[in-house]
> 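One structure is given below, represented as structure tokens, and several questions about it will come after.
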Amino acid sequence: MYNFFDQLFVALGAWLVGLVVAAGNGVSKLCCGQPMSEAAAHNVAAGTQVVLICVTIYGVFALCFGLATWLERKMLARIQNRYGPNRVGPFGLLQFVADGVKMLTKEDIVPARADKLVHFLAPAIVLAPALLMFGFLPFGRNMAPTDLDTAVIAFFAVGAGSELALFMAGWGSRNKYSILGALRAVAQMISYEIPLVLAAVPVVMIVGSLSTSQIVAAQGTDSFLDVKGWFVWTPWGFAGFILFLIAATAESNRSPFDIPEGESEIIAGFHVEYSGFKFALFFMAEYLGMMAMAGLGVTLFLGGWHGPKLLPSWAWFMLKGFLIVCWLIWLRGTLPRLRVDQLMAFAWKAMLPFALFNIFATAVWFYLPKTTFLQSAVAWIITAALVVAAYLVISRFVSRRAGAPRVYRYAS
Amino acid sequence: MAMDESLKSELQKAGVFVTSIEQLYNWGRKNSIWPLQFGLACCAIEMIATACARYDMARFGAEVFRPSPRQADLMIVAGTVTKKMAPQVVRLFNQMPEPKYVIAMGACAISGGPFKEGYNVLKGIDRYIPVDVHIPGCPPRPEALLHALITLQKQIEQDHLTGKRKLRAYDREQKAEWLVPAYGEHDLEPPRNPEVWKPEPQVRPEAK
Amino acid sequence: MIQPFTTPESGYTLIPKEGAIETQTIEVSMGPHHPSTHGVFRMDVVLDGEEVKRLKPVFGYLHRNHEQLAEKMNWLGSIPFTDRLDYFCSMSNNWAYCHAVEQLAGIKVPERAEYIRVIMAELTRLINHSCLAGFLLSDAGAWGTPLLYAFREREKILDLFESVSGARMMCNYMRFGGVRADVSDDWLACARKVVENYPRFLDELEALITGNEILLARTQQVGILPRELAINASVTGPMLRASGVDYDIRKVDRYGIYDRFDFRVPLGEVGDVYDRYYVRILEMRESVKILQQALRDIPEGPFDAGVKMRNFKVPAGDGYGRIEAPKGELGFYLVSDGGTRPYRYHVRAPSFINLTILEDMCLGHKVADVIVILGSVDIVRGEVDR
Amino acid sequence: MLGNGLLQGLVVTARNFIRSYFDPERLTTVQYPEERVTLPENSRSFPFLVYDGTPDNLRCVACKICEQECPPQCIYIEVERDPKTGKPVRRPRVFDIDYSVCMQCQICAEVCPFDAIKMDQVYELAGTDRFGGMLHDKAALLKSNEYYHQIRPTEADEVDARLSQSKKKVSPPIAKPAAVPPAQPVPPKTDV
Amino acid sequence: METLNQIKDRIEAAVPSVRLAIEGRSLVVDREHLLEVARFLKNDAELAMDYVSNLCAVDWLPRKVKVKEGGQDVEKDLPGFLEVVYDFYSMAKKHGPLQLRCRTDGREGMLSLPSITPLFRGAEFQEREAFDLYGIRFKGHPDLRRILMWDGFKDFPMRKDYQQPDDHEWEPTPHDEVLQQAKKHWPAPSAAPVKPA
């Protein structure tokens with residue numbers, strides 16, 4: 001029974017592929033009098049699979065985007081002691097449909113002095129990397145869309161494309177605020193890409209592979225619970241996970257790192273001149289990027305689709321992904337925004353050294369013997385001590401810059 | 001030219017189709033009114049209070065206050081429009097994409113209110129831009145703003161994509177840009193936009 | 001014309017090509033429609049990258065001719081207009097105006113009315129300062145959560161105001177020689193409850209804000225206002241005290257019955273945005289103390305001096321009356337020619353004058369700091385432009 | 001330690017998030033069209049004219065005090081004249097209040113020596129028509145004493161007592177006002 | 001704080017050829033020596049008036065005043081003038097106020113008075129406001145521009161003889177001056193469209 005649900009979509013896909021191949025054979029028989037050659041059948045099957053995967057990913061994550069906006073609005077509302085959207089559909093679930101309909105039908109304004117081509121292309125380009133990133137994540141057991149050997153690198157490489165789009169948007173709009181936003185976006189995203197990649201390096205070191213499927217496989221155990229192998233339980237994994245979360249927040253321009261669109265300072269930053277559906281595309285790219293980052297975080301540190309065998313593997317993946325999304329929303333509901341120089345300083349002076357030190361700690365962990373329980377415990381404690389010590393030293397420097405609560409006097 | 005029966009029924013069919021698109025369209029716009037984050041004076045505080053926990057405008061899907069006029073649907077003119085501010089208000093309204101709506105919140109926005117006899121106060125924003133809903137009050141309670149929002153939603157429900165009463169956004173004959181007044185030596189120039197400002201009746205209505 | 005230049009150490013001559021990259025300052029007009037200028041305020045900012053090189057505030061987008069209207073109106077008619085000056089603190093504005101008129105006309109205010117006025121003014125101070133903290137955090141990018149918490153508490157106080165004066169914001173409650181309506185015992189009980197619960201909210205707000213490292217980084221050492229400049233620029237209110245000047249009109253003038261209450265005046269050390277924020281938090285705690293004492297001690301008696309409001313006349317003369325409003329010194333300069341209307345009516349608005357040194361505080365900081373600094377000045381446009 | 005303050009803040013918001021599901025203190029929303037905040041008795045919106053019994057029997061004598069005192073000058077009164085003699089009758093022919101100007105300050109109700117003008121509590125007046133819709137004439141402003149009793153019982157009782165006292169001095173009390181339905185339904189009040 | 005008379009004597013001793021007069025609770029200072037007097041008040045150790053709280057202009061129309069002349073009340077014509085009122089306090093000594101007044105000759109056209117902004121930054125915007133609304137040119141002000149009205153505005157709206165632009169064509173409840181102005185826009189009574197009751 002568990003296997004049935006676990007492999008439901010895989011089986012469904014295989015059945016559909018089989019159907020298409022059978023149909024192809026039928027057509028071929030009708031035309032040429034004989035079934036397709038093996039190579040042709042293979043090609044048809046592969047092509048069908050690609051189309052299926054694309055349609056599914058876009059369909060599922062477009063829906064997830066809607067749900068995420070709804071979730072964000074509801075969660076922020078609850079944090080702020082109110083209901084949030086609740087008039088459209090049950091619990092306001094159809095709110096994003098209404099927003100979509102409205103966005104689609106809004107007038108599309110292109111400023112007279114804008115660079116028309118760049119202004120037009122930017123929203124299309126911003127969405128592409130956000131969608132492509134999903135291609136490298138294994139969503140469940142046997143459910144990896146692609147199984148590249150260099151999936152992690154490919155993920156980061158594709159994700160870096162969004163900087164270009166944001167810069168195009170800011171530049172093409174010819175608005176002072178949007179240029180400020182664009183420059184901020186580029187500076188921030190390039191800076192945070194480094195700690196982001198470095199946070200993922202320990203995992204790659206331990207697994208010895210850049211393939212996301214293998215990384216997930218390395219975190220699995222065959223037990224019923226299947227949580228023990230997650231990298232987040234190791235000291236370096238935990239530190240890496242925190243680093244990854246922070247860098248991913250910055251990478252997807254989410255509060256408290258949302259300075260490229262910093263509403264209270266530069267209105268809406270790079271997309272200040274975008275209206276209607278183009279604006280919706282930016283919105284969508286932000287959320288999809290955020291979910292892709294969450295997916296990668298799940299893959300790298302939270303055991304991918306592994307989990308107690310109460311839920312199918314793909315459900316575990318989605319659940320963990322949405323938990324990370326919830327965490328990002330929670331952050332947004334709480335924290336103020338950093339200033340642009342502080343943001344850069346934090347990336348270069350705090351996160352980078354800590355990420356490098358984390359790699360060192362991982363190397364120590366790698367070479368420490370872990371055959372017996374006692375040895376594992378010792379290795380765990382030593383690595384943890386290293387990580388904590390590094391954290392304390394760095395936080396000392398950062399808090400000196402950040403300032404401290406003061407003592408106040410009263411007039412006599 | 002007489003219309004034959006089959007064409008009529010076909011048109012009716014098309015009409016049915018048009019109506020349902022219209023309904024979906026109106027439903028979407030109605031439930032996703034994003035106001036411009038734009039406060040002028042006292043009423044703006046009540047506008048914020050409306051978005052806050054006690055009254056929670058978010059329930060109607062209208063809590064997404066966009067700071068950029070390009071992404072907003074609704075301009076809540078919340079407070080006194082001074083003559084110095086009026087050109088900017090009109091410009092902001094021009095910058096918003098169609099379909100767009102205006103709520104004049106509070107006495108000052110409708111008519112200049114208590115301050116209307118001042119030399120720098122515009123006697124109502126409807127001298128320059130078309131207003132959909134007026135809320136009297138100084139300031140109106142947050143509930144009154146919610147009531148206005150519901151009134152606006154009801155109005156949107158009755159919008160048409162075609163026909164005589166079609167939306168401004170789909171009417172090529174309608175103006176797309178409103179006149180932005182210039183600062184004059186004594187007053188704004190022109191002091192009112194005659195294409196928008198059509199008081200009816202023209203004078204103090206005399207009771208019998 | 002770009003001049004070629006030689007580096008002295010190497011002797012290597014660098015010839016910049018035509019059209020080489022130059023830096024250029026950009027001029028940005030922040031406002032009058034900007035999400036965080038607290039209404040319709042405009043700052044013409046010259047930026048070098050993100051750094052502020054020059055900043056000129058532009059006023060008048062909410063100039064509602066309050067003073068001229070008041071000169072056309074009888075003395076009573078201006079009270080509801082004072083509500084709309086600083087629309088967060090209608091009660092204090094009422095008091096300031098009534099105080100000035102009472103000084104001019106020599107009206108004695110009964111004791112109960114004085115107590116009621118103190119209660120209202122301090123409740124107003126709570127509203128103003130907690131909303132300020134919320135707005136400041138909103139400006140810093142906290143997505144409104146602290147603001148919404150502040151408004152949640154504000155609603156409770158507004159309910160109190162509404163049940164005694166009839167309106168949430170524009171109370172129009174005070175009259176020459178007293179207040180318009182008496183407060184009932186039930187009301188006092190409700191007020192006591194609100195005041196008792198207020199420190200808990202302050203604790204929550206502080207847990208949310210005060211220790212937050214991001215906020216500390218954003219606000220400390222930002223927008224420092226030195227003590228001497230603060231005095232010279234006539235800065236008043238919490239902003240002045242954050243710069244370390246001990247000047248609270250409640251203590252200096254001892255108007256009303258403030259000499260009966262035991263409260264302290266918190267002072268800042270550095271005079272930066274953080275001090276301005278935190279001095280206000282401390283002031284709220286002191287306000288709670290005053291409120292507790294006032295609600296405990298309020299005596300029975302008449303709530304107004306029985307001044308006839310219709311055809312109210314003030315003997316000819318002029319006078320300046322001031323109180324410590326939440327934002328600073330709110331004063332009214334009134335000239336009477338003995339008639340039913342003021343001959344001259346001038347508002348000394350704290351927000352307006354506190355903005356004088358905005359440029360001095362912002363120069364050399366980043367754009368994002370400008371917003372936070374402006375937020376910490378605590379302006380309300382209705383009062384700045386009047 | 002770095003991050004301590006951030007965590008504290010996160011705890012506060014998390015607590016609010018969770019408590020919003022069972023603590024009414026942490027979910028203060030009043031779902032407006034269905035539920036309403038109970039207005040306190042003193043709450044005021046716009047002025048209306050009180051009549052006793054029938055709408056002809058209005059208390060206003062067109063003394064124009066409110067017109068003079070109204071700070072934004074939004075009241076317009078014309079005295080009715082006897083059609084034969086041309087002498088003024090003590091009642092208004094025209095009584096207009098421009099709700100689009102009124103600032104709800106209550107001064108008209110305060111200065112009225114005849115307790116004829118009082119403050120209403122209706123706030124749902126948003127409309128699309130500015131020129132006709134916001135100018136309320138005498139017919140729209142008239143509301144019965146019963147309605148006044150409904151919205152502010154205590155104050156109305158005081159007013160009635162005061163009026164009957166002054167009437168005793170002048171003339172014997174006139175017939176008790178007939179039970180007339182209120183001019184406008186009172187907004188439904190729900191406790192929250 | 002010292003009495004007004006004491007202060008007057010001390011100022012006269014410190015600032016040569018100053019012309020001072022006491023009117024009510026304030027000191028009237030002549031135009032030429034205003035800055036000197038302000039400097040004296042600020043720097044004097046006893047007074048230490050370091051804080052100019054309020055600065056505003058008053059427009060006095062020509063009027064008749066009763067003056068005692070030889071034991072008799074005589075009505076005298078007083079020409080109109082613009083007056084600037086300064087309220088000084090001391091933050092260091094916590095006393096005050098000390099009110100100064102300074103007057104222009106007549107009230108027509110642009111009139112000038114010395115600016116105290118070089119001494120007190122706090123006067124900067126208040127003087128700009130007085131300039132904007134009353135048309136008093138403050139000599140020595142670093143940045144004297146209109147502050148509340150727009151730059152191209154020509155009038156000084158707070159002067160008592162300011163005429164408002166006429167925009168009274170829609171006045172449902174007009175009164176007094178407004179009624180007079182609104183009536184200009186009303187058509188002849190016969191042509192007036194009647195609103196259905």
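What you see is a predicted model, and the numbers here were worked out from it, not measured in a lab. Reminder, nothing fancy here: chain letters follow the sequence lines and each chain counts from 1.
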> Hey, could you give me each pair passing ring pair (Phe, Tyr, Trp, His ring centres under 6.0 Å) that has a residue in residues 73-102 of chain B? Not counting sequence neighbours.
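For residues 73-102 of chain B, and leaving out neighbouring residues, the ring pair (Phe, Tyr, Trp, His ring centres under 6.0 Å) pairs sorted by first residue read B/Phe93-B/Trp178.
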> Flag the pair D/Tyr99 / B/Ile110 as yes when at least one side-chain heavy-atom distance between them is below 4.5 Å, and no otherwise.
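SC-SC contact between D/Tyr99 and B/Ile110 ruled out.
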> Hey, does B/Pro136 have a side-chain heavy atom less than 4.5 Å from the side chain of D/Phe46?
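Result yes, sub-4.5 Å side-chain heavy-atom pair found.
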> Minimum heavy-atom separation for B/Pro114 to D/Met103, with atom names?
CB-SD, 3.5 Å
> Quick one: what part of D/Gln73 sits under 4.5 Å from any heavy atom of chain B, side chain, backbone, both or neither?
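Interface part for D/Gln73: side chain.
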> So do the side chains of B/Leu146 and D/Pro33 get within less than 4.5 Å of each other, counting heavy atoms only?
no
> Please report the interatomic distance CG(B/Leu145) to OH(D/Tyr32), rounded to the nearest 0.5 Å.
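Interatomic distance, B/Leu145 CG to D/Tyr32 OH, rounded to 0.5 Å: 10.5 Å.
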> Is B/Lys154 close to chain D through its backbone or its side chain, or both, or neither, when contacts mean heavy atoms under 4.5 Å?
neither
> If you compare all heavy atoms of D/Arg130 against all heavy atoms of B/Gly124, which two are closest, and at what distance to 0.1 Å?
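Taking D/Arg130 first and B/Gly124 second, the nearest heavy atoms are NH1-CA, 4.4 Å.
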> Taking B/Ser111 for its side chain and D/Ser100 for its backbone only, find out whether a donor-acceptor pair lies under 3.5 Å.
yes
> Determine the minimum heavy-atom distance between B/His134 and D/Asp129, stating which atoms define it.
CD2-C, 4.3 Å
> D/Ser43 and B/Arg141: side-chain contact (heavy atoms from CB on, under 4.5 Å), yes or no, with the steps?
CA-CA 11 Å; D/Ser43 178; B/Arg141 292 179 67 84; 4.0 Å; yes
> Which heavy atom in D/Thr128 sits nearest to a heavy atom in B/Asp132, and how many Å separate them?
CG2-O, 3.3 Å
> Write down the atom of B/His147, the atom of D/Leu125, and the distance for their closest heavy-atom approach.
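Shortest heavy-atom contact: ND1-N, 4.1 Å.
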> With a 4.5 Å limit on heavy-atom distance, are the side chains of D/Arg36 and B/Glu143 in contact?
no
> What parts of residues 39-61 of chain B touch chain D if we use heavy atoms and a cut-off under 4.5 Å?
B/Ala53, B/Arg54, B/Tyr55, B/Asp56, B/Arg59, B/Phe60
